[in-house]
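All values derive from a computational prediction rather than experimental measurement.
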Amino acid sequence: QVQFVESGGGWVQPGESLTLSCVASRGFFGIATMAWYRQVPGKQREFVALMDTLGFTNYSESVKDRFIISGDDAIAGHAAYATVVLQMNSLKPEDTAVYYCNVEGWIEESAGRKKYWGKGTVVTVSS
C-alpha cells in the first residue's frame, strides 16, 4: 500500500496564502494524475485541482485563478515518486475545509488503475 505525508494546513486570515504539499511513501509503477480535493463536514468531497504527468492542469471554477497545482513524478529506479503541491492565494472563508491529496495510477505493474488518498490536512480561513 501507499501512504501520503500531507503538510501545510493551518489557520489564515482572508486574503492570505497557504501552500499544501503531499509526498507519497513509496514509488508507483505508473502515475496518471495528481490532484487535490476538499471536504466540508456534512458535504461531499469536491474536486479542487488536478494535473497529469504531461503538465496539463484543471481547476474547479471556485479556485481558478487563485490556486496553483504543481507536482513531480520523479523517476528513481523503476518507480515514480509522487509529490504534489497546492499553492492557495487570496484565500476566502469558503475555502475552509479538509484538503486531501490524491494520486491516480498503478501501484504495481499488475495492479489496476486506482485512486489513492491522503488522510487530509485542515485549512481554516477566518478573521
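- For E104, the side-chain hydrogen bond (donor to acceptor under 3.5 Å, both in side chains) partners at least two apart in sequence or on another chain are R113.
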Output side-chain donor-acceptor pairs under 3.5 Å for residues 14-35, partner residues at least two apart or in another chain, one line each.
{"residue": "E16", "atom": "OE1", "partner": "Q13", "partner atom": "N", "Å": "3.0"}
{"residue": "S17", "atom": "OG", "partner": "N89", "partner atom": "OD1", "Å": "3.0"}
{"residue": "T19", "atom": "OG1", "partner": "Q87", "partner atom": "OE1", "Å": "2.5"}
{"residue": "S21", "atom": "OG", "partner": "S7", "partner atom": "OG", "Å": "2.8"}
{"residue": "S25", "atom": "OG", "partner": "Q3", "partner atom": "N", "Å": "2.9"}
{"residue": "S25", "atom": "OG", "partner": "Q3", "partner atom": "O", "Å": "3.1"}
{"residue": "R26", "atom": "NH1", "partner": "E108", "partner atom": "OE2", "Å": "3.4"}
{"residue": "R26", "atom": "NH2", "partner": "I107", "partner atom": "O", "Å": "3.2"}
{"residue": "R26", "atom": "NH2", "partner": "E108", "partner atom": "OE2", "Å": "2.8"}

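- Under the side-chain contact (heavy atoms from CB on, under 4.5 Å) criterion, T57 pairs with M51, Y59, I69, sequence neighbours left out.
- Remark: W117 engages Y37 in a ring pair (Phe, Tyr, Trp, His ring centres under 6.0 Å) (not counting sequence neighbours).
- In this view, S60 and S62 satisfy the side-chain hydrogen bond (donor to acceptor under 3.5 Å, both in side chains) rule, not counting sequence neighbours.
- Applying the side-chain contact (heavy atoms from CB on, under 4.5 Å) criterion to Q39, with sequence neighbours excluded, gives R45, Y100.
- Within the structure, salt bridge (charged side-chain N to carboxylate O under 4.0 Å, His left out) contacts touching residues 86-99 (residues at least two apart or in different chains) are R38-D95, R66-D95.
- S126 is linked by a side-chain hydrogen bond (donor to acceptor under 3.5 Å, both in side chains) to W11, counting only residues two or more places apart in sequence or in another chain.
- What you find for V85 and W36 is that their closest heavy atoms are C-NE1, 3.7 Å.
- Residues meeting the side-chain hydrogen bond (donor to acceptor under 3.5 Å, both in side chains) test with N102, sequence neighbours left out: none.
- By the side-chain contact (heavy atoms from CB on, under 4.5 Å) test, K43 is found to be paired with V40, residues two or more places apart in sequence or in another chain being considered.
- K114 is not listed as a side-chain neighbour of W106, based on a closest heavy-atom distance of 4.5 Å or more.
- Between L50 and D52 the shortest heavy-atom distance is CD2-N, 4.3 Å.
- Under a 3.5 Å cut-off, the side chain of T96 and the backbone N or O of V125 do form a donor-acceptor pair.
- Hydrophobic clustering (side-chain heavy atoms under 4.5 Å, transitive across Ile, Leu, Val, Met, Phe, Trp, Tyr) groups V12 together with V63.
- A single hydrophobic cluster is not seen to contain both F47 and M88; linkage of ILVMFWY side chains at heavy-atom distances under 4.5 Å, directly or through other members, places them apart.
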